[in-house]
2 protein chains.
Amino acid sequence: MTSAPKLSDQLCFAAYSFTHALNRAYRPLLEPLGLTYPQYLVMLVLWEADGQTVKEIGERLKLDSGTLTPLLKRLETIGYLTRRRGRQDERQVIIHLTDEGRALSEKAAEVPVALGCAMGAEWGEIAELREHLLTLRDRLADAGCAVGEPED
Amino acid sequence: MTSAPKLSDQLCFAAYSFTHALNRAYRPLLEPLGLTYPQYLVMLVLWEADGQTVKEIGERLKLDSGTLTPLLKRLETIGYLTRRRGRQDERQVIIHLTDEGRALSEKAAEVPVALGCAMGAEWGEIAELREHLLTLRDRLADAGCAVGEPED
DNA sequence: CCCACATTAATTGCGCGCAATTTAATTACG
DNA sequence: CGTAATTAAATTGCGCGCAATTAATGTGGG
């Protein structure tokens, strides 16, 4: 039979549409800060540790330079960070927060609170779900899984 | 204090990076079918019920015409579906599968199997996670949550 | 009948996300 | 040394995803 898979059965679609709903929920919260959601993620990474290379940021967020380079240039234009070539290794570009970029974390503190409210979920529940997703993500990333046709 | 939120604490980032990992896992599986993941979702919707309008497909997938119109045009070009104005309401565009598009569901049947393998998770676990995500998604969509600044 | 309003797609503009390629700098090796 | 291999970013091209606008069709009220 091998009937077509059903949309409603798919974890993948659930994750896909949940992510888009999150993005839409973040938008009005981040707009006053002048940030998109991916830009907000980069700022989170920098608020945790300033002075990282593009590569380090990319490893943290699982993004490559094709995505990060133009994004970082926009954040530089806004004035939240600076991009400088490394001194001892000129291949690297090191990202530093400006005072304005650092100051932004104060305003951003309200964002996750508002999001938690919008989801109306408990901390334990959120934490469990988060671990679950990260576990599956890493399995997908490691696996590649080769996808050979299984012997029946 | 209102210290900056931590990336690792965020359900949102977990969902975000899980979705991207899924996309990357789907890519090699869907490439032989000539589909991207969003295109695959549209095909899923059509395999369930042929002859839907753009609006109906969009409601199912939570996508608007700005996304769907060019995507459907690509699928039309490939030859998997046709786009025709409705007869009784000429505002609507009705999407019909071609024979080739219908036949594709056979080949696509392997895809979710391979994905399930790559995640290495149990059916019950998957189902639970899926319901969880859909619940939170709908809360986010309904809420809008107004995000008024709380009175401290 | 005509006009205001609503509905459906299409269009435009912008920002990801990623594969593939290019450029420049560093490292390893003979 | 000097050349090949490696690494880090940048660039190019394409397909979403969505806000905002536009165009065309349908509906209802005076």
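Heavy-atom basis, side chains included; hydrogens, waters and symmetry copies ignored. Chain letters run A, B, ... following the sequence lines, proteins first, then strands; residues in each count from 1. This one's a predicted model, so the numbers in the text were calculated from it and none came from an experiment.
Annotation: side chain to side chain donor-acceptor pair (under 3.5 Å) contacts involving residues 77-87 of chain A, sequence neighbours excluded, comprise E76(A)-R83(A).
Contact annotation for E31(B): no contact, since no heavy-atom pair falls under 4.0 Å across all strands.
Between D64(B) atom CG and dA20(D) atom P there is a gap of 12 Å when expressed in whole angstrom units. For the pair N23(A) CG and dC18(D) P, the computed distance is 7 Å after rounding to whole Å. Residue R137(B) contributes atom CZ, which lies 14 Å from atom P of dG17(D) at whole-angstrom precision. Note: CZ (R27(A)) to P (dC18(D)) measures 7 Å, nearest angstrom. In this structure, F13(B) places its CZ atom 14 Å from C1' of dG17(C), rounding to the nearest Å. We find that CD1 of I57(B) is positioned 13 Å from C1' of dT8(C), with the value rounded to whole Å. Protein atom CG of L63(A) is 11 Å distant from nucleotide atom P of dA19(C), rounded to whole Å. Rounded to an integer number of Å, the gap from K62(B) NZ to dC18(D) P is 11 Å.
Qualifying salt bridge (charged side-chain N to carboxylate O under 4.0 Å, His left out) partners for D138(B), counting only residues two or more places apart in sequence or in other chains: none. Take R74(A) and apply the side chain to side chain donor-acceptor pair (under 3.5 Å) test, not counting sequence neighbours, and it matches no residue. Listed by chain and residue number, nothing satisfies the side chain to side chain donor-acceptor pair (under 3.5 Å) test with S65(B) (two or more places apart in sequence, or in another chain). When the ring-ring contact (aromatic ring centres under 6.0 Å, His included) test is applied to H132(B), no partner is found at least two apart in sequence or on another chain. Scanning for side chain to side chain donor-acceptor pair (under 3.5 Å) contacts around R24(A) gives an empty result, with sequence neighbours left out.
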Output side-chain donor-acceptor pairs under 3.5 Å for residues 34-46 of chain A, partner residues at least two apart or in another chain, one line each.
| from | atom 1 | to | atom 2 | distance (Å) |
| --- | --- | --- | --- | --- |
| T36(A) | OG1 | Q39(A) | N | 3.3 |
| Y37(A) | OH | F13(B) | N | 3.4 |
| Q39(A) | OE1 | T36(A) | N | 3.0 |

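Taking a cutoff of 4.0 Å between a charged side-chain nitrogen and a carboxylate oxygen, R60(B) and E56(B) do not qualify as a salt bridge. In summary, E31(A) and R27(A) do not engage in a salt bridge, as defined by a charged side-chain N under 4.0 Å from a carboxylate O.
The end-to-end axis angle of the helix from dC1(C)-dG30(D) to dG30(C)-dC1(D), rounded to 10 degrees and based on five pairs per end, is 0°.
Contact between the side-chain N/O atoms of Y16(A) and the OP1/OP2 oxygens of dG17(D) is found at a separation under 4.0 Å.
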(message) Each nucleotide in nucleotides 1-15 of chain D should get exactly one letter: B, S or -. Can you fill that in based on protein heavy atoms under 4.0 Å?
(response) ------BSBBB---S
